[in-house]
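All remarks here apply to the structure that follows.
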Amino acid sequence: MIDTNLIKANSKDISERLKLRNYSFDEDLFANLEAQRKKYQTETEDLQAKRNTLSKEYGLLKKEGKDDTALSKNIESIKIDLDTCSNKLNEIQSSLKEFLLDVPNLPDDSVPSGVDEGSNKKIREHGEPAILKGKDHLEITSMIDTESANLLAGSRFAVLRGEIAKLQRALIAFMLDKAAEHGYTEYYLPMIANTESLTATGQLPKFSDDLFQLTDDYFLIPTAEVPLTNLYRDQILNLNQLPQKLTAHTSCFRSEAGSYGKDTKGLIRQHQFEKVELVQICHPDKSFEALENLTSDAETILKELNLPYQVVELCSGDLGFSAAKTYDLEVWIPSQETFREISSCSNCTEFQSRRAKIRFKEDGVSKYVHTLNGSALAAGRALIAVIENNYDQKGAINIPQALQDYTKCSSIKV
RNA sequence: GGAGAGUUGGCUGAGUGGUCGAAAGCGCCUCCCUGCUAAGGAGGUAUACGGGCAACUGUAUCGAGGGUUCGAAUCCCUCACUCUCCGCCA
C-alpha cells in the first residue's frame, strides 16, 4: 500500500510513476475519496466529542436529581446525526481502502522503464550454456512421471520416483544449508494462509484467481514469502532486531489460471512445486543494499551447482505487484535453448509492511520496515536444470560436487 | 468432540456502569542527590488517525466483532485464542 500522504503531496508524480508499470492511477477518484474521508471523519469525531461531553453532563444532572429532558433530547438528536455520519464514514473508508489495496507498488527510480519483459535488462551472466540442444528432462528419465500424476490429481502435477525424488530432496537440503550459512534462520511453516496474510503480502484481493482456495478463509500458499513475511505482521520491532533474515522450504501452490497451453510439458509450470524462500525484514535505508545481498545469496547456489545462469533486472512494466525493484535469476535450460526464471528477488520497500503493519522504532518514532524476498531456489526448476545440464548423453546424470554430500553418490543412472 | 477457567499498557496485576487511557508494583527514560558500589528523591513513559506552523488538541482502542445504555474495561450475544480435565488421534 502506498503512503496516502505521499499521494496527496505529489499526486501527479505518483500517477506518472505508476504509469511506468502500466497502472493508470485515478487521481480524481482518490482526491475525491480522500476529501470525503476527511470531511466525514472530522464531522464524526466532532459529534462524538459532543456526545461525550453531554453524556457526562447528563450523568451529573442525574446524580443531583435535576431535570434532564432538554439535555436528553439534545443527545438524542446528536446520536441520530452521528449514526448517519459514521455510516457514511465507514462506507467511504472501505471504498478508499479497496481503492488503495488495488494500487501496485511504485517502481524504484533505478528501474529501467518499459512496458513488458522486452525491456528487461541483462545485468550479468555466469557459466557456459551448452552449445548443443539437449534432451529434455522427461526424455532423459522416466522417474519423472506425469502420467501417474495426471491419474492422481490432474495436469500440471508430477510424481517423482526413486533417485530423482531423492535428488530434489538433496537440492532442498543443500539450499537450506546455504541459507543458514548466509545467516538466515530456518522456519517450518503452515502451507495454508488466511485472507489477512495474503492481503498483507499483496496476493489478495487482486489476484485471488491465481490461488487455490480451500474454504472461506483458507488458501494454499503460492510462496513461503507469505507466511515468512507475515510472521512479523502487526509488530513493532526494536532497531537492534533489524535486519531479520528468514528462510523456509515449503510446497507452493498456484492455480496457473490464464496460463493454459503455456509450458504444458514437464516440470516447468506446476500447480505444486517445492521452493526455498529467503525473506529479509530490514531498515529502510538498507533495503537496496539488502536486495543485492539477497540476490547474491540466491546466485551462490546456482554457482555452486555449476549451472549457467544470467541475472536480469526487470523493467517497470514487468514488475510484480508488490515489488519496487526485482532481479530475476534465469537458469539455462538446454532442451529449450533458453534461460528460464528460477528465482525472483524483490525489494518491496514499505509496500508490504504498510499492509502488514510491520514497524520498528527509531528515536522514539515508529516507522515502516522494508521487506524483501527471493527464491533460493525453486527446487522443481533447479531439478530440471541439474538433470538437463548434467546429462552425459549416455544414460547417467552427473551430480554436481556440491550436492554429493547430500545424494551420497556422484551420478544417477536413468 | 465434551466440561470448566481465562484473555487489561513492555511485564506483573487492580478495576463489575460515569470522575478510567485505565490504580499499584516492576522495568525503562530524564533530572536531582550521592566521590566508588549500593541506596534515595522528582518527573516522565501505549498505539493509530484527525485538526493545528507549533504549543497543543479531538477521536478510537482494555482478545475480535456485534448489541443494550445518555454513558461500557465493566452488562448481553457471537467468534478466536490460551490453560486444565475427559474423549479421540499422527
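Here is the naming used below: chain letters follow the sequence lines, and residue numbers restart at 1 for every chain.
Rounded to the nearest Å, the gap between the P atom of B:G13 and that of B:G6 is 14 Å. To the nearest whole angstrom, the two C1' atoms, one in B:G1 and one in B:U8, are 31 Å apart. Only the C1' atoms considered, B:C76 is 13 Å distant from B:G17, to the nearest whole Å. For the C1' atom pair drawn from B:G9 and B:U68, the interatomic distance equals 28 Å after rounding to whole Å.
Between the CG atom of A:N90 and the C1' atom of B:A60 there is a distance of 12 Å, rounded to whole Å. For the pair A:L61 CG and B:G18 P, the interatomic distance rounds to 17 Å; values are reported in whole Å. Here B:C81 presents its P atom at 11 Å from CG of A:N194, a figure rounded to the nearest Å. As a whole-Å value, the separation of A:E57 CD from B:U19 C1' is 14 Å. Between the C1' atom of B:U59 and the CG atom of A:D81 lies a distance of 17 Å, rounded to the nearest Å. Atom-to-atom, CG of A:D234 to P of B:G63 comes out at 16 Å; the value is rounded to the nearest Å.
Note on A:E289 versus A:K286: no salt bridge recorded, every NZ/NE/NH1/NH2 to OD/OE distance being 4.0 Å or above.
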- Item | Which nucleotides of RNA chain B pair, in dot-bracket form (Watson-Crick or G-U under 3.5 Å, | meaning another strand) | ((((((((.[[[..)..(.....]]]((((((.......))))))((((((....)))))).[[[[[..)....]]]]])))))))....

- Message: At under 4.0 Å between heavy atoms, how does the protein contact nucleotides 64-71 of chain B? Give one character per nucleotide, 5' to 3', with B, S or -.
- Response: ------BS

Output one line per pair: protein atom, nucleotide atom from nucleotides 45-50 of chain B, and distance, for all N/O pairs under 3.5 Å.
residue : atom : partner : partner atom : Å
B:U47   : OP1  : A:K361  : NZ           : 2.1
B:A48   : OP1  : A:R359  : NH1          : 3.4
B:A48   : OP1  : A:S366  : OG           : 2.7
B:C49   : O2'  : A:Q41   : NE2          : 2.6
B:G50   : O4'  : A:Q41   : NE2          : 3.3

For nucleotides 76-79 of chain B, which of its nitrogen or oxygen atoms have a protein nitrogen or oxygen under 3.5 Å away, and what is each distance?
none

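Not counting sequence neighbours, the partners of A:H271 by the ring-ring contact (aromatic ring centres under 6.0 Å, His included) test are A:F157, A:F212. A:S251 meets the side chain to side chain donor-acceptor pair (under 3.5 Å) test with A:E274; sequence neighbours excluded.
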